[in-house]
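Every chain is numbered from 1 and lettered A, B, ... according to where its sequence line falls, protein lines coming before strand lines. Model, not experiment: these values are computed from the prediction.
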Amino acid sequence: MNDHTRDDSADELGVNAYNVARIQEKWLARWDELKPFSTSDPADNRPRKYILDMFPYPSGDLHMGHAEAYTLGDVIARYWRQQGFNVLHPIGWDSFGLPAENAAIKRGIDPRVWTYDNIAQQRSSMRRLAASFDWDRVLHTSDPEYYKWNQWLFLKLYEKGLAYRKASWVNWCPHDQTVLANEQVVDGRCERCDNLVTKKKLTQWYFKITDYADRLIDDLKQLEGFWPSRVIAMQRNWIGRSTGAEVDFRVDGRDAAVTVFTTRPDTLYGATFMVVAPDSDLAAELVAASTPEVQKNFADYLETVQRTSEIDRQDDSRPKTGVFIDRFAINPVNGERLPIWVADYVLADYGTGAIMAVPAHDQRDLDFAITFDLPVRVVIDTNAPITGAIPIITPEQLEAGEVPPLDPKATGVPLLGDGRMINSGSLDGLSKANGQAKMIELLQAQGIGRAAKTFRLRDWLISRQRYWGTPIPILHTDDGDEIPVPFDQLPIELPGTEGLDMQPKGTSPLGGATAWRDVTLPDGRVAHRDPDTMDTFVDSSWYFLRYLSANDATQAFDPAEAEKWAPVDHYVGGITHAVLHLLYSRFITKFLFDEGLISFTEPFGQLLTQGMVQMNGSAMSKSRGNLVKLSDQLDEHGSDAVRLTMAFAGPPEDDIDWADVSPAGSAKFLARAWRLSGDVTSAPEVEWKTGDVALRRVTHRLLADAPGMIEALKFNVVVARVMELVNAIRKVIDSGAGPADAAVREATELVAVLLSLFAPYTAADMWERLGYPPGIETAGLRKPDPTLLVEDQVTAVIQVDGKVRDRLEVSPTIDSDELEALARASEAVIRSIGDREIVNVIVRAPRVVNIATK
RNA sequence: GCGGGAGUGGUGAAAUGGUAGACACGCAGGAUUUAGGAUCCUGUGCCGAAAGGCGUGUGGGUUCGAGUCCCACCUUCCGCACCA
């Protein structure tokens, strides 16, 4: 007969029953009153931690993914609080953006209404989830108090020449009727609405992130071990640095040379033609001076190219197309006349928009040469042996004459490997690497080329032709002047939506706000505000600094506060921002460092990219019919059970399939743990030392292990260990030393303190039932007693030839000889050895004996 | 093609080179119950009646000892990709 079961059914009021709703209600009210997570005391001299969750976009209520992210961040925040740190754990809303505007259009309301309603709902869900946020530092990027500082940031960049306007072919989403940054085009489609992206030539604002490309790639080294390797790899990929050389080619009938970029300067003697991107200025210029026939062919070709969708264009199995434009370039190393072609496999905005084609040693060039029957010249003998490298051709192959032919045009396979240079004048005989170095030297000496690198990263296009964003603080005069709005006139607030045509039409709705738009300058000229708004990724590129001075009306952030708190110690969020937000934030951080406003160059120390919450193997969505609503889960199981399930499901970076986990099981466990707090009959002052030693050992082993496991983010294992402890306590209460034993209290208190990270309501209530005033949040983990970490008995494993044959219970201090003797005496071991000869005995007292036989 | 991961029971998952499968879910049996989808207990990798054997994607290697380290391969997921 168990007392706890009788209590449950006997108490009609449920005071002794684990009543989730009652416990939640009670503690929510207390926490509102006590504000245990405020960081407003400037005299607080505890060590500090800055724990940050990526702030949400208010697109409705919180969903399961939010719940996971906020649970994980909250466990980290609550842990460091338990460890005696002053923990800053703020929250805010990324509240500008398209969905609000689209919802507003659909319903004929102001986007503010939709946005702030959703924020209120999300805020209440976060409170219910018991996320330990500091509610005094809340920010919304759509508040003028926030976006004023976006405009400040823009002007800072503008001052330094890092915000500029240029005309260029840009990504255009025909559905959202706005331009997109490269990072927002996914597989040729709009990241937001999934429609095919087209190209448009427009004059737009850019941030010059490419000035920081080297630092953005080099500083990734600092993040190794702190960021997931795949995020680092994705950023490295995205920035895409290639090193090689620029080579200047003279062109017949043109004064200036044409410069090409190549990663293979060693193959310059193998160049047999030149290719120019069809949509480049260079192509247009070269064609303009060519024959009328060429001009017509080119015009036709350009039109075809521009009709090709981004997706088709990227299909590399597509046959090569192009037109010869009857112009010639001169190879600077051998004076050969190379025909110039225009082809869409060369991109206008990468490198210089023109390449030297070396078909013998490049697949694309070879495909093109074969299609148009252009000459192919091998300049590296890839069959020739290279000292110190693994030979591609074995001596046996050489002997038998089985040597691959050096004839790419016949085989269709370019020679990409290493070898010895041929047909290359003074470079003959060199290896690939030496040939590259030597060629760069030669080019440099003659002033016709130089070492160079180029990036895949493009400048960040930040203009958007939409309403719900930060107005760009620039005035345009009719005579074409660009006038930055003075700092003291910020913020430029968004006008109301009244009277504005909000329909997407390719130009910003703000262009129609005439009263807002037209400004008379001090010199009497009339200027117009820039009608575009900023990409919302500008808002989120520095928000982690705004939290530090969230209510400061005089500056974006106080450098002294940044010095105190930043950079962020732990950043938690989805992998979806591996490139976008994280790259932009790193860029802006480096810029602010250069401005002398902060003293660090990377914004986020540890990055935890949590997995996704799925249902039956795929991402949840209404259309798939597998949507699990967070609010339903919270209603059904309670916040603690949902949080615990998130933490227990597996490693935090792994996906969780909600069909595979058991919130009901979590709730069951929490009830079981909670009941312990009612069973404990000893007083808080009880003398620990008198307690059951076996249970104390379990408790103290967990005290010793928990911090390391939590800091390694092994939350699932910590929860498992707490479950083990709960099982052990239950046994001692029911069939051991009983509920009055000191070890029962000691262990139950540890259960409560560790559960306070995962299940704060249950833990707070347990703490109260254990006889303490509110404050479990900072109760702390006691130091483990080292004498209790030594076991009184260990299991020694006896192996024969590496296979376990017996297990012996021995003293942990047993010496090797004694253990070996015991092992040799074991029945099972003797039987297993049989009549074989023992050749070696390895003894690792007290754990292992391995007897090797022959 | 380039880059980064991952392969362990029916399922989610554990495991400083030293007892593989901790802790759960599920399932089976039992106790208590008018009943239980509550609570508690027991069992549960596979084969085998048992003794025992076999087991961490495959094949090699290092080691007294390998899920863990090394090499090759297979399968899978993700990111980038006509990037010169």
Side-chain angles (χ1 to χ4, degrees), chain A residues 1-2 4-6 8-9 17 186-187 228-238 240-242 244 260-264 267 275 277 313-318 320 343-347 349-358 361-365 367-368 416 454-457 575 578-579 645 648-651 653-666 668-669 671-672 675 708 714 716-727 730-731 734-735 794-804 806-807 831-832 839-844 847-853:
Chain A
M1 164 66 71
N2 298 321
H4 51 274
T5 55
R6 193 188 53 218
D8 283 3
S9 51
V186 179
D187 291 332
S229 49
R230 66 169 169 155
V231 174
I232 292 174
M234 281 161 78
Q235 293 223 352
R236 200 167 271 141
N237 245 320
W238 187 264
R241 178 165 60 192
S242 351
V260 304
F261 173 77
T262 177
T263 54
R264 295 292 305 275
T267 62
V275 186
R313 206 190 59 74
Q314 287 179 4
D315 175 9
D316 53 7
S317 64
R318 201 166 58 100
K320 290 281 181 290
D344 68 352
Y345 82 92
V346 171
L347 309 175
D349 62 354
Y350 186 78
T352 61
I355 64 157
M356 63 180 217
V358 185
H361 304 287
D362 181 276
Q363 184 71 61
R364 297 149 300 176
D365 295 345
D367 292 345
F368 193 83
L416 303 175
T454 186
F455 297 89
R456 214 187 70 98
L457 182 71
I575 189 76
V579 175
T645 304
F648 184 55
E653 58 277 11
D654 287 6
D655 291 343
I656 298 174
D657 195 319
W658 204 247
D660 289 335
V661 295
S662 173
S666 299
K668 196 170 104 177
F669 163 72
R672 195 172 142 83
R675 278 195 300 271
K714 294 177 164 190
N716 55 329
V717 186
V718 177
V719 173
R721 292 287 296 276
V722 176
M723 287 172 169
E724 266 179 328
L725 184 57
V726 166
N727 291 341
R730 184 80 264 152
K731 271 214 173 77
D734 288 351
S735 50
V794 299
T795 306
V797 174
I798 316 301
Q799 302 176 327
V800 176
D801 295 324
K803 290 189 176 171
V804 179
D806 203 359
R807 295 182 171 91
R831 191 167 357 109
S832 166
V839 291
N840 194 8
V841 180
I842 306 289
V843 184
R844 292 280 179 273
R847 293 280 176 194
V848 175
V849 177
N850 191 6
I851 301 171
T853 70

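- Taking atom CZ of A/R672 as the reference point, atom C1' of B/C41 lies 10 Å away to the nearest angstrom.
- Distance check on atom C1': B/A38 versus B/A31 gives 14 Å, rounded to whole Å.
- When atom types are taken as modelled, the side chain of A/D362 and the backbone of A/A357 share no donor-acceptor pair closer than 3.5 angstrom.
- Note: CG (A/N727) to C1' (B/U42) measures 14 Å, nearest angstrom.
- Position along RNA chain B of the nearest nucleotide to A/D655 versus A/R831 favours A/D655 as the more 5'-ward residue.
- Nearest heavy-atom pair across A/A578 and A/Q235 is O-NE2, 2.8 Å.
- If you check every strand for non-hydrogen atoms under 4.0 Å, A/K320 touches a base.
- Rounded to an integer number of Å, the gap from A/Y350 OH to B/C80 P is 16 Å.
- If you take CG of A/D801 and P of B/C54, they are 12 Å apart, rounded to a whole angstrom.
- Electrostatic pairing of A/R264 and A/D365 does not count as a salt bridge here, judged by no charged N lying under 4.0 Å from a carboxylate O.
- Between the A/N716 side chain and the A/A649 main chain, no donor and acceptor come within less than 3.5 Å of each other.
- The residue among A/E724 and A/I842 whose nearest nucleotide of RNA chain B is located toward the 5' end is A/E724.
- Rounded to a whole Å, the CZ atom of A/R844 is 17 Å from the C1' atom of B/U19.
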